[in-house]
Enquirer: 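Just passing along the structure, written as structure tokens.
We use all heavy atoms of the structure for the numbers below, so side chains are in, but hydrogens, waters and symmetry mates are not. Every chain is numbered from 1 and lettered A, B, ... according to where its sequence line falls, protein lines coming before strand lines.
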Amino acid sequence: MNRDRSGGAAAGTFFRRYGILVIFCGLAVIISLVTPDFLTARNILNILRQSSIIGLMAIGTTFVIIGGGFDISVGPILALTAAVAIGMQSHLPWPAAVAAALLAGAAIGLANGVLAAVVGIVPIIATLGTMTIVRGLTYIYTGGYPLVGESQAFKYIGGGQPLGIPFPIILLAAMVLFWQFILARTRTGRYICAVGGNKEASRLSGVAVDYYHILTFVIGGFMAALAGVVYASRLNSATPLAGNGYEMDAIASTVIGGASVSGGEGSVFGTLVGVLLLNVVSNMFNLMGVPVYVQHLVKGVIILVVVGIDSYGRKAERR
Amino acid sequence: MSDNILEITALNKSFWTVPVLNDVDLSVRRGEVHALVGENGAGKSTLIKIICGAYRRDSGRIVFDGREFEAATPGEALEKGIAVIHQETSLVPTLTVMENVFLGIEPVSGWFAACRRDRERERFAELCAGAGFTLPADRKVKALGPAERKLTEIVKALAHDARLLIMDEPTDSLSAGEMEGFFRVAQDLRDRGISIIYITHYLGELFRIADRVTVLKDGGRVATMDMAETTADRVVGLMLGAGGAEGAGGGGAGARRVPGGEVVLRAAGLSRRGAVRDASLSLSRGEIVGLAGVIGSGKTELARLLFGADRPDAGEILVRGAAKRLSPRSAKAAGIGFLPEDRKTQGLIQEQSVKRNITLAALEKFCRGQLIGDAEEDAACSGMVESLSIRIAGPGQRVKYLSGGNQQKVVIAKWLLADPDVLILDEPTRGVDVGSKRAIYRLVGKVAEQGKAVLFISSEVPEILEVSDRILVMRKGSLVGEFPRGARQEDVMARMLGAET
């Protein structure tokens with residue numbers, strides 16, 4: 001009986017770890033057979049570049065969710081920080097404007113963390129509040145009009161192509177490696193998992209639980225700001241409605257990538273696969289000429305199926 | 001019509017072939033307060049749960065009010081006239097007192113089954129008047145104190161026309177004044193012909209309120225006596241049984257010489273509202289101090305104060321002579337470790353691996369800066385697994401798949417790795433099989449030999465007697481006695497239960 005249970009658990013663990021990858025590869029094979037344009041270098045780079053903005057944002061979301069939190073304010077943070085990155089260039093050199101944008105993102109994340117961990121507001125509600133505030137701030141800052149950038153150097157972040165590879169892809173790859181290292185190999189990463197897994201047990205083990213809980217939100221805000229900078233640079237403009245709904249894609253990618261919504265588990269690699277999966281599906285439908293609203297429908301089904309299999313497996317395991 | 005409202009004969013129940021109730025008989029008369037006592041695990045809760053329909057019996061007969069009684073759920077039992085006043089209240093906190101009382105039996109009228117508030121109010125006043133007390137009908141239950149909640153549950157039971165009330169530790173959260181009021185209410189109910197089964201750890205209360213007492217031990221009924229014809233000593237004797245005296249002292253098990261070690265932790269006048277009153281104690285290197293007391297006596301709360309998990313309202317804690325304002329983090333830094341009572345929710349991260357759990361409290365020891373040294377961590381983990389003989393499939397196994405004993409060893413390993421000077425163990429053997437219990441006792445002995453101070457907290461007196469060099473007894477939030485090694489079990493029990501005269 002014991003063996004059965006660990007056998008089932010092993011299967012569950014296998015699915016949790018590699019299931020998404022299997023689905024992803026299977027899908028890629030099918031698509032490349034159906035649509036010949038899919039497996040061209042140009043299209044693949046295109047998919048990766050399209051994934052980079054949500055990808056950067058989703059890395060932050062991954063930390064927040066692993067830490068047991070939830071952050072729906074990252075879409076508006078992208079909009080505000082994109083506006084700051086462009087708008088500040090009329091006063092500051094562009095690197096300083098970028099720094100200001102990143103700082104603003106981290107600061108909003110800090111506010112989210114304090115509201116959730118110290119004040120004790122349920123994270124989804126705390127970030128609902130800041131989400132609305134940040135969207136409002138963006139309108140105030142931009143006056144409701146798109147801001148347009150002037151610096152040519154700044155455009156390199158979103159549009160540069162060292163060695164023929166778009167810079168956002170390189171940035172995303174570097175960030176994935178860096179944050180996966182933080183998560184898997186450092187004390188900070190370990191404590192974030194511990195706090196998300198069981199806050200009280202972590203506290204009673206002498207872990208500074210509030211600090212790490214807040215830190216996840218700061219990382220979330222910072223990565224959203226980085227996404228905002230890339231966004232601003234790519235379009236060389238910022239609109240008050242930028243990034244609308246991106247937070248949902250980021251969260252979806254994270255849970256598709258195997259992070260547990262109850263906290264404690266997940267990986268940056270998994271999230272990357274989740275982001276790519278969603279973008280590959282969109283790309284395929286675009287190539288096949290399927291209308292956008294059907295794409296929404298399919299995305300929703302993917303989220304429910306992937307997370308549903310995992311959740312149901314866990315539920316069965318408990319019985 | 002028989003004199004007995006409830007008659008139980010030859011009741012049997014086992015869980016997974018382990019018998020928990022053996023041919024238990026119990027008869028409760030109309031209009032009596034019948035006390036039910038026994039040690040933890042004697043079968044009191046199981047018996048109550050069978051009566052009220054939460055568990056199904058294997059065999060035996062229950063006759064209630066002259067009729068064969070069978071209830072599939074507590075709700076059905078209530079409908080038939082048996083109400084349980086639980087330790088944890090079963091009221092809906094966001095509803096008012098009156099809404100709770102009539103929940104599910106609201107008087108209604110009309111097509112839309114509109115609730116007749118006026119009739120509710122009338123009936124509520126009647127019930128309160130009949131029971132001899134008043135309650136704020138429109139106050140929400142969450143705004144009530146524990147005493148008023150208990151009374152609300154009683155009114156609810158009366159509204160359902162209950163003829164037998166089962167009260168499980170009803171005075172646990174009540175103050176002395178509230179207790180007097182509660183006893184009066186119970187006596188009024190009895191005088192009106194309502195029967196009460198009264199479960200308590202506190203023998204003093206029995207003599208105050210009960211008419212008869214039934215003693216359970218190891219799932220069997222030992223005796224039923226008139227309170228007027230027995231004494232507290234006799235009740236304690238029956239609870240412990242013949243084995244009681246033999247287990248006492250346990251001096252042979254390994255009488256340890258305690259060197260007069262340095263005092264590492266001292267608490268003076270610690271208090272926390274509703275849980276701990278003016279507790280003072282000191283722990284020295286190399287000594288195992290047992291802390292005995294029934295469930296709810298404040299042992300856990302005291303332990304949490306000593307570790308900084310909760311803040312005291314008054315009093316101070318001195319670590320190696322220096323006064324400290326403790327949080328779990330600063331307590332760990334000051335060399336205090338704490339194994340919490342509930343390992344599942346407080347001791348372990350269930351979904352994570354054995355390794356991650358074992359090294360959680362001492363992670364910085366295996367790190368260079370932020371970077372975790374995998375080799376060092378693995379070595380420390382497997383060292384602990386080996387020396388505590390924790391049975392696991394591998395260090396990556398999730399702790400939720402381990403047995404209770406192995407889980408507990410993981411929590412102990414976590415703190416041994418952190419290497420504290422003081423180790424506070426709150427019910428370390430709860431839910432652990434006999435073999436692992438032995439292993440834990442040996443481990444605790446070894447820890448003390450290494451010069452650490454151990455506070456060993458348990459509700460089970462025999463194990464306290466076996467492992468401790470010195471025994472503190474707690475009752476209703478206060479430290480009420482100290483015994484040396486080799487004390488008699490009867491004496492410790494009597495002090496815990498407040499049974500001595």
Enquirer: I need the minimum non-hydrogen distance between B:Q352 and A:G197, along with the two atoms involved.
Expert: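 Reported closest heavy-atom pair: NE2-CA, 4.4 Å.
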
Enquirer: Do the side chain of A:R187 and the main chain of B:G369 share a donor and acceptor less than 3.5 angstrom apart?
Expert: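 Side chain of A:R187 to backbone of B:G369, a donor-acceptor pair under 3.5 Å: yes, one is there.
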
Enquirer: Counting neighbours of CZ on B:R320 that are heavy atoms of other residues, nucleotides or ligands and sit closer than 6.0 Å, is the number greater than 12?
Expert: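 Yes, the 6.0 Å shell around CZ holds more than 12 heavy atoms from other groups.
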
Enquirer: Check B:L363 against A:Y191 and note the closest heavy-atom contact, atom names and distance.
Expert: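 So the minimum-distance heavy-atom pair works out to CB-OH, 3.6 Å.
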
Enquirer: Take atom NZ in B:K446; do more than 12 heavy atoms of anything else shown fall under 6.0 Å from it?
Expert: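 Count not over threshold, so no.
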
Enquirer: Do the charged groups of A:R185 and B:E377 touch, with an N to O distance under 4.0 Å?
Expert: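 Salt bridge: no.
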
Enquirer: Side chain, backbone, both or neither: which part of B:T345 has an atom under 4.5 Å from a heavy atom of chain A?
Expert: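 Contact with chain A is through the backbone of B:T345 alone.
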
Enquirer: Under 4.5 Å, counting heavy-atom pairs only, tell me which of B:A362, B:C367, B:A393, B:P340 racks up the most with chain A.
Expert: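 Most pairs with chain A among the choices: B:C367.
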
Enquirer: Would you kindly say whether B:Q370 and A:T188 are connected by a side-chain donor-acceptor distance under 3.5 Å?
Expert: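 On atom types as modelled, these side chains qualify, holding a pair under 3.5 Å.
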
Enquirer: Specify the closest pair of heavy atoms between A:R203 and B:P328, including all atoms of both residues, with the distance to one decimal.
Expert: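 Here A:R203 and B:P328 meet closest at O-CB, 3.1 Å.
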
Enquirer: Using heavy-atom distances under 4.5 Å, tell me whether B:L360 contacts chain A through its side chain, its backbone, both, or neither.
Expert: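 Backbone plus side chain of B:L360, per the 4.5 Å heavy-atom cut-off to chain A.
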
Enquirer: If I measure from the heavy atoms of chain B, does A:S262 come under 4.5 Å with its side chain, its backbone, both, or neither?
Expert: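 Neither part; nothing is under 4.5 Å.
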
Enquirer: Would you say that more than 12 heavy atoms from the other residues, nucleotides or ligands in this model lie under 6.0 Å from the NZ of B:K437, or not?
Expert: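 Atom NZ in B:K437 is packed in, count exceeds 12.
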
Enquirer: Atom CD of B:E351 and atom CD of A:E265: how far apart are they, to the nearest 0.5 Å?
Expert: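 These two atoms lie 5.5 Å from each other.
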
Enquirer: At their closest point, which heavy atom of A:F181 faces which heavy atom of B:L371, and how far apart are they?
Expert: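 Result for this residue pair: CZ-CD1, 3.4 Å.
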
Enquirer: Considering residues, nucleotides and ligands other than B:R391, do more than 12 of their heavy atoms fall under 6.0 Å from its CZ?
Expert: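 Not buried by this count: 12 neighbours or fewer within 6.0 Å.
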
Enquirer: What part of B:R343 gets within 4.5 angstrom of chain A, counting heavy atoms only: side chain, backbone, both, or neither?
Expert: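 Contact with chain A involves no heavy atom of B:R343 at all.
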
Enquirer: Looking at A:G264, A:G206, A:A208, which has the largest count of heavy-atom pairs under 4.5 Å with chain B?
Expert: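 Heavy-atom pair counts peak at A:G206.
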
Enquirer: Relative to chain A, which of B:R304, B:R329, B:K332, B:E364 shows the most heavy atom pairs under 4.5 Å?
Expert: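 Heavy-atom pairs under 4.5 Å are most numerous for B:R329.
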
Enquirer: Side chains of A:N198 and B:Q350: does their closest heavy-atom pair fall under 4.5 Å?
Expert: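 Of all side-chain heavy-atom pairs linking B:Q350 with A:N198, none is under 4.5 Å.
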
Enquirer: I'd like to verify something: which residue of A:G189, A:C193, A:S260 has the highest number of heavy-atom pairs under 4.5 Å with chain B?
Expert: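 Highest number of heavy-atom pairs under 4.5 Å: A:C193.
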
Enquirer: Are the side chain of B:K414 and the backbone of A:S205 linked by a donor-acceptor contact shorter than 3.5 Å?
Expert: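 Looks like no, no N/O pair under 3.5 Å.
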
